[in-house]
Each structure stands twice: as structure tokens, then as C-alpha cells.
K.L.:
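Please read through the structure below; I'll follow up with questions.
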Amino acid sequence: MEKLLLIPGPSPVHPRILQSLAEPTVSHVSPEMASDLTTALENLKKIVFCERGEPFIIAGAGTLAMEIALLNLAAKGDKVLVLSQGYFGDRMGQICESFGIGHDLVRSRWGSAVVPEELEKKIERKKYDIVVSTHVDTGTGACAPVEEYAKILKGKGILYIVDGVCATGGIEERMDDWSIDVVFTAAQKCFGAPPGLAIAVFSERAMAKRKGLPSIPAYYSDILRWLPIMKDPFKYFSTPCVNEIRSLSEATKIVLEEGLEARFARHRRTARAIRAALAALGFTFYTEEAFFADTLSVVNYPAGIEDKTFRTKLSQNGVVVAGGLAETAGKLFRMGHMGNLSTEQIIFALEALERTLGSLGYKLALGAGLKAAKTILE
Ligand code: PMP
């Protein structure tokens with residue numbers, strides 16, 4: 001039985017995207033590949049509302065995109081401020097450390113995000129060259145106020161990098177309007193393509209900074225080595241993953257066919273419906289309500305529900321959710337609801353959840369969840 005993958009990435013892959021992967025592999029310098037790459041790049045810029053920046057699609061995962069963003073912008077001696085609301089913000093700090101990039105890490109309570117006033121205070125007290133923030137932390141389910149951070153940073157001569165791995169294509173990110181310098185993501189989250197691609201869009205300002213750096217401590221991750229290929233896919237630097245790029249091109253077409261506003265609204269509605277269902281069943285959330293994300297929910301186990309037993313049974317019922325990361329392991333489950341999820345898939349998942357809870361003898365308000373979700377979805 002094919003299982004519905006509701007972990008916070010990889011998300012379910014739409015049949016059109018799967019089909020595109022199964023087409024024969026073509027030469028990496030062929031007209032077919034050039035057309036797929038160019039389409040994906042052009043569509044990406046539309047998805048992050050960036051008219052004049054440079055998009056990059058490079059084989060790898062989200063963590064490579066994190067490195068690409070940092071290494072291509074940080075000059076020797078630059079100071080980076082990392083706003084971390086959890087696991088992946090902390091990872092940004094670790095990447096800075098690995099490359100000897102001077103940085104300060106501001107950490108929020110897990111389940112919330114750094115408040116904008118904290119960012120204001122930080123940049124008043126010390127000169128920073130780059131600020132990095134995670135849009136949605138996949139470990140804690142907290143969504144950061146990216147637009148407000150951007151407003152604070154605008155005009156201050158500080159480059160702003162957004163980790164959109166769990167947001168881009170599902171939650172609004174307006175690079176030009178909000179003055180964001182890099183948005184990066186990966187294929188397997190809100191685009192609903194399989195894992196394997198690191199994606200980053202650099203603003204004009206970000207490109208100018210990279211071009212002004214004499215060298216960076218990277219070879220494969222150096223965007224200036226990739227720029228000629230992104231401009232002219234008949235050129236060679238390192239063999240791109242042809243089938244994956246075709247699948248991303250298809251995924252971005254699906255995003256634009258749905259329409260960005262409609263897609264963001266659908267993600268909002270889906271999140272509301274799933275959380276209404278879980279609340280009606282008696283679950284509470286790990287994430288503070290003010291920081292709820294449209295792309296995933298992080299759900300506390302009530303007393304008596306054992307993590308492994310619950311997730312194994314739910315998986316036998318056709319739905320896969322993720323456990324907690326780091327210190328939250330065993331205490332909660334994480335349910336992704338991003339990408340191309342249909343109403344039928346959401347209802348299937350909630351039915352499976354109720355069946356699982358019932359079969360394990362948990363005394364939650366069975367039946368109430370589906371009803372609560374349907375009033376929002378219909
Ligand atoms: N940033 C965020 C917000 C993420 O959710 C993830 C992956 N879950 C990453 C970075 C790292 O991506 P990857 O696992 O594809 O390397």
C-alpha cells in the first residue's frame with residue numbers, strides 16, 4: 001500500500017511530478033534539459049516575487065542551500081546574526097562555526113520565534129553584515145515574522161537571508177517588496193518534488209556582494225561557477241541531475257497553475273482544518289498559537305499515548321507522520337501539510353488518525369476531528 005507521507009518533508013509527490021521523473025534521462029547539455037532548467041528558474045523567481053535576482057538550482061539538499069547562502073555572502077571578518085527558533089536556526093550557527101564565520105546566535109524559546117524588538121536591539125548595539133532567519137522551523141513548527149524582520153533591516157546595509165526550506169511556495173515570501181537578499185529552499189517541501197535539489201534565489205544586491213568577494217571557501221557551492229550554467233544550460237560545470245530538474249520544473253508549473261495567492265490561502269485553510277481536527281480530538285500543540293505555521297503542526301501527546309506505538313499503527317493505517325527532534329523526541333509528533341495535498345488526502349489522513357486512536361483504545365473525542373475539519377475544508 002502506498003502510504004501518505006505527512007512528515008514535514010519530503011511531502012507527497014504529485015503524480016504529474018512522479019511521471020516527469022520517469023521520462024528517459026537526457027543529456028545534461030541538451031535542448032530538453034535547457035528548457036526544463038530555464039522554466040524552473042524563471043518560475044522560481046515568480047514564486048519568491050523576485051524580478052531581477054539570480055536563481056540557482058543545484059544537486060543537493062536544503063543543508064547545501066544553507067551553505068550556499070552563507071558562503072557566497074560572508075566576506076572575511078563579516079559578522080552574521082542568526083535568529084534561531086529551533087533546530088535549523090541552530091544548524092545555521094553550526095555552519096558559521098564550521099567555516100569560521102563570526103556570528104551571534106539569538107535563540108527564542110522553542111515553539112516561538114525571536115520577536116522583532118529583539119532584532120532591533122541587536123542591530124542597534126552591534127554592527128552586523130548579514131542576518132539569517134528561518135521562516136518555519138520544522139523541528140518546532142514555529143513560523144517567524146519574516147516580513148517584520150525585513151522591515152527592520154531595510155535600508156540598514158545588512159543583507160538578509162531567509163531559510164524558506166519549510167515555507168517557500170506555501171507561505172508568501174516577497175523578495176523585492178520586503179527587501180530579502182536570499183531565499184533558499186529544497187525541492188522536497190512546499191514544491192512537493194522528491195528530495196535532491198538545493199534551491200536559492202539571490203537578489204541583485206546579494207549578487208553584487210558575491211561578485212565583490214575575491215574568493216570564498218567553497219568550490220561546488222560557489223554560485224559564480226554555476227551562474228554561467230543557469231544563464232546558458234548548454235554550458236558545463238558539474239553534471240546536473242537532469243530528471244530531478246525536470247521534476248522541479250513540473251512542480252513549479254503546478255504551483256503557478258494553482259496561482260500563488262490561491263496556493264498560500266489553501267495552505268492556510270489546510271493548516272486551520274488539520275489543527276481544528278486535532279484540537280477537537282483533544283490534542284494540544286507544542287507551538288505557541290501566535291507562531292503557528294501553515295506548513296506543519298507539532299502536536300503534543302496526551303498522557304498515555306506512546307510515540308512509537310502510535311506512529312507505527314498510524315503508518316499501518318496508511319499515514320506517516322514524524323516524531324520529535326532532539327529534546328522533543330518521544331513527546332510529540334510532527335505532521336506536515338505542505339505542497340500539493342488534496343482535500344481527499346487530508347480527509348483520508350484524519351480518518352486514519354481517528355481509526356488509529358480508536359484501535360489503540362485512547363479515549364479521545366473520536367468523530368469530532370473529521371467533522372471540525374470538514375466545516376473548514378468545504
Ligand atoms: N532548514 C529547514 C527549515 C528545514 O526544515 C530543513 C530540513 N527539514 C533544512 C533546513 C535542511 O534541509 P535538508 O534536510 O534537505 O538538508
Side-chain angles (χ1 to χ4, degrees), residues 5-13 48 56-71 80 82-98 105 107-108 110-114 131-146 149 160-171 173 180 182-201 218 220-221 241 244 247-248 251 267 271 286-287 291-298 320-326 328-329 332-339:
L5 208 50
L6 293 191
I7 56 177
S11 53
V13 180
V48 294
F56 296 88
I57 300 171
I58 298 172
T63 306
L64 178 70
M66 296 168 100
E67 283 196 8
I68 289 172
L70 265 179
L71 296 183
V80 177
V82 181
L83 308 179
S84 171
Q85 74 253 39
Y87 191 85
F88 290 99
D90 289 359
R91 177 171 291 187
M92 261 298 181
Q94 290 160 12
I95 295 174
C96 287
E97 214 154 299
S98 300
L105 190 67
R107 302 177 82 201
S108 71
W110 277 32
S112 70
V114 174
V131 168
V132 190
S133 76
T134 317
H135 197 161
V136 173
D137 189 280
T138 324
T140 67
C143 183
V146 163
Y149 294 161
Y160 180 31
I161 301 175
V162 174
D163 172 346
V165 172
C166 198
T168 307
I171 304 178
E173 291 171 334
I180 297 173
V182 180
V183 165
F184 67 81
T185 185
Q188 76 271 21
K189 303 271 186 172
C190 296
F191 293 129
L197 291 174
I199 296 163
V201 184
Y220 184 78
S221 296
C241 40
E244 265 284 352
S247 81
L248 184 68
H267 276 77
Y286 177 80
T287 317
F291 299 96
F292 276 167
D294 294 338
T295 47
L296 86 153
S297 295
V298 181
V320 183
V321 296
L325 285 179
T328 64
L332 51 81
F333 71 92
R334 296 176 301 135
M335 182 185 255
H337 32 79
M338 64 190 109

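Note that ligands are numbered from 1 as they come in the structure, with each ligand's atoms numbered from 1 the same way. The first residue of the sequence shown is numbered 1, and numbering continues consecutively from there.
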K.L.:
Identify the residue among I68, I161, I199 that makes a side chain to side chain contact (heavy atoms under 4.5 Å, CB included) with F184.
P.N.:
I161
K.L.:
Check for a donor-acceptor pair, side chain of H267 on one end and backbone N or O of G169 on the other, with a separation under 3.5 Å.
P.N.:
no
K.L.:
I'd like to check which ligand 1 atoms, numbered from 1 as shown, lie under 4.0 Å from a non-hydrogen atom of T134.
P.N.:
3 (C)
K.L.:
Do S133 and Y160 have side-chain N/O donor and acceptor atoms under 3.5 Å apart?
P.N.:
yes
K.L.:
Kindly indicate, with the supporting measurements, whether the criterion side-chain hydrogen bond (donor to acceptor under 3.5 Å, both in side chains) is fulfilled by R91 and T63.
P.N.:
CA-CA 9 Å; R91 177 171 291 187; T63 306; 2.8 Å; yes
K.L.:
If only atom types and distance count, is the side chain of T134 paired as donor or acceptor with the main-chain N or O of F88 below 3.5 Å?
P.N.:
no
K.L.:
Note the single closest protein heavy atom to atom 5 (O) of ligand 1, along with its residue, its atom name and the distance in Å.
P.N.:
T138 OG1, 2.1 Å
K.L.:
May I ask you to check whether H337 and S297 show a side-chain donor-acceptor distance below 3.5 Å?
P.N.:
yes
K.L.:
What residue and atom, counting heavy atoms only, is the protein's closest point to atom 1 (N) of ligand 1, and at what distance?
P.N.:
D163 OD2, 2.7 Å
K.L.:
Looking only at N/O atoms, are Q188 and ligand 1 under 3.5 Å apart anywhere?
P.N.:
yes
K.L.:
With respect to atom 3 (C) of ligand 1, which of D137, V136, T63 exhibits the smallest heavy-atom separation?
P.N.:
V136
K.L.:
Should you measure from each heavy atom of K189, which atoms of ligand 1 turn up under 4.0 Å away?
P.N.:
5 (O), 7 (C), 8 (N)
K.L.:
Does only the side chain of H135 get under 4.0 Å from ligand 1, or the backbone, or both, or neither? Count heavy atoms.
P.N.:
neither
K.L.:
Pairs of nitrogen or oxygen atoms closer than 3.5 Å, one from G62 and one from ligand 1: do any exist?
P.N.:
yes
K.L.:
Examine the side chains of S108 and Q85 and answer whether a donor and an acceptor come within less than 3.5 Å of each other.
P.N.:
no
K.L.:
Starting from atom 6 (C) of ligand 1, what is the nearest protein heavy atom, named by residue and atom, and what distance separates them?
P.N.:
F88 CE2, 3.3 Å
